[in-house]
Number of protein chains: 2
Amino acid sequence: MRIGELADVSGVPSKTIRYYEQAGLIPEPPRTSSGYRDYPDEATTRLTFIRDAQHAGLTLAEIRGILALRDSGQAPCDHVGDLIQQHLAEINRRMAELRKTRTALRELAQRAAETDPASCTDTDICRIISTPNRHRDERTSGWPGHSTASASR
Amino acid sequence: MRIGELADVSGVPSKTIRYYEQAGLIPEPPRTSSGYRDYPDEATTRLTFIRDAQHAGLTLAEIRGILALRDSGQAPCDHVGDLIQQHLAEINRRMAELRKTRTALRELAQRAAETDPASCTDTDICRIISTPNRHRDERTSGWPGHSTASASR
DNA sequence: TTAGACCTTCCAGTGCACTGGAAGGTCAAG
DNA sequence: CTTGACCTTCCAGTGCACTGGAAGGTCTAA
């Protein structure tokens, strides 16, 4: 498979695929006689994994580490086991943070549901909501006063 | 509370706090007579939320949107409800991706546990594992051959 | 009153993850 | 044999999220 086809099936641009190679995320593929990159089918799986992990918020450096671990396959010394555990802990940490954010958002949805939607007829208000601080020097300080009884953590 | 204290209690550098203000993530606080920023206690909660959401993989633009929604408080028109639902969907998407990554990592841990740790005595091998492609022009193409029976998705 | 810690604005630089474009080689169809 | 799509390398630029540093004002403690 040449780079363009891989780009099509994986949804990752050719440019980005070359960049990933250069960044050590995917190994250098064999070349055709004319110098074109010639990818095996597994390449799509790998790119899919990279994109999944990335959308989940992992950096390329972290993903590179995970992939390297995975590629090593035959040499899982204690150190590698530790690394895997570290990555798992990191992922669990991130999921916890995502859950917190989701909870905050659900509370918001709750508040929104409880207020009468009919009370908003002017589209300008919504525009203000979606783009804050576009209209400076308001009279108010802007700090929301909703119950935040002293800081946690 | 002045910016330095807020930085200390929240763990977010003063520079970054000013940057968040300029970026519309936190409102402009009142100033002391000498022009120093004077933050209310809620500021720490807000910074904590920003950091949580960020560690979860949300961009500042997304977080800004969520905070703006939250600040609006009293004007939840249908449009705002939609936005909340969009953000929730996005977060669920990200959590699904995080779960996929975690599953991949757990399989890895499984493989590592099944192989004899005593088979690895040389620290060099581990060093190779943690920093791939630092040693180019190897004889192998580098593509791992482990069972990836045709691409999914 | 002066040292030192803290604050202000402004502007420039950094690292990550791409992304665009130039300049040129390859290949199948017309 | 030429057109056009595809590929190659290399280098430069972009957007995001900071981060550092200059130049200067403020405040407390010795």
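Chain A is the first sequence line, chain B the second, and so forth, proteins listed ahead of strands; every chain is numbered from 1.
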**Student:** Closest approach to the side chain of B:L60, judged atom by atom: which nucleotide of C:dT26, D:dG25, D:dA17 is it?
**Tutor:** D:dA17
**Student:** Would you indicate which nucleotide in D:dA17, C:dC6, D:dT8 comes nearest to any side-chain atom of A:Y36?
**Tutor:** D:dT8
**Student:** Heavy atoms under 4.0 Å, any strand shown: does A:R18 hit a base, just sugar-phosphate, or nothing?
**Tutor:** base
**Student:** Closer than 4.0 angstrom, basic N to acidic O: yes or no for A:E90 and A:R94?
**Tutor:** yes
**Student:** Which distance, rounded to the nearest 0.5 Å, do you find between the CG of A:L67 and the CD of A:E62?
**Tutor:** 12.0 Å
**Student:** Salt-bridge test for B:R64 and B:D71: reply yes if a basic N is under 4.0 Å from a carboxylate O, no otherwise.
**Tutor:** no
**Student:** Would you tell me if any nitrogen or oxygen in the side chain of A:T16 comes within less than 4.0 Å of OP1 or OP2 on C:dT19?
**Tutor:** yes
**Student:** Does C:dC16 have OP1 or OP2 sitting under 4.0 Å from an N or O in the side chain of A:Y19?
**Tutor:** no
**Student:** Under a 4.0 Å threshold between the charged nitrogen and the carboxylate oxygen, would B:E28 count as salt-bridged to B:R37?
**Tutor:** no
**Student:** Whole angstrom is fine here: how far is it from CD in B:E21 over to C1' in D:dA17?
**Tutor:** 16 Å
**Student:** It should be established whether B:Y20 places a side-chain nitrogen or oxygen under 4.0 Å from OP1 or OP2 of nucleotide D:dA17.
**Tutor:** no
**Student:** To the nearest Å, how far apart are A:Y39 OH and D:dC6 P?
**Tutor:** 16 Å
**Student:** Over how many whole Å does the gap from B:M1 atom CE to C:dC6 atom P extend?
**Tutor:** 16 Å
**Student:** Would you mind reading off the distance between B:I3 atom CD1 and C:dT8 atom C1', rounded to a whole angstrom?
**Tutor:** 10 Å
**Student:** Let me know the distance between CD of A:Q22 and C1' of C:dA17, rounded to the nearest Å.
**Tutor:** 11 Å
**Student:** Show the numbers, then the answer: is there a side-chain contact (heavy atoms from CB on, under 4.5 Å) between B:R93 and A:H55?
**Tutor:** CA-CA 9 Å; B:R93 218 169 297 133; A:H55 286 137; over 6 Å; no
**Student:** Can you find a side chain N or O atom of A:S34 that sits less than 4.0 Å from OP1 or OP2 on C:dC27?
**Tutor:** yes
**Student:** Quick check: on DNA chain C, is the nucleotide nearest B:K15 upstream (toward 5') of the one nearest A:T32, or the reverse? Name the residue that is more 5'.
**Tutor:** B:K15
**Student:** So does A:R37 get a side-chain nitrogen or oxygen closer than 4.0 Å to the phosphate oxygens (OP1/OP2) of D:dT8?
**Tutor:** yes
**Student:** Return the nearest nucleotide to the side chain of B:R31; candidates are D:dC6, C:dT8, D:dT19.
**Tutor:** C:dT8
**Student:** Starting from the 5' end of DNA chain D, give me the residue, B:T59 or B:S33, whose nearest nucleotide shows up first.
**Tutor:** B:T59
**Student:** Separation of B:R2 atom CZ from D:dT26 atom P, in whole Å?
**Tutor:** 13 Å
**Student:** Expressed as a whole number of angstroms, how long is the span from B:I63:CD1 to D:dC16:P?
**Tutor:** 14 Å
**Student:** In this structure, how many angstroms lie between the C1' atom of C:dC7 and the CG atom of B:D8, rounded?
**Tutor:** 14 Å
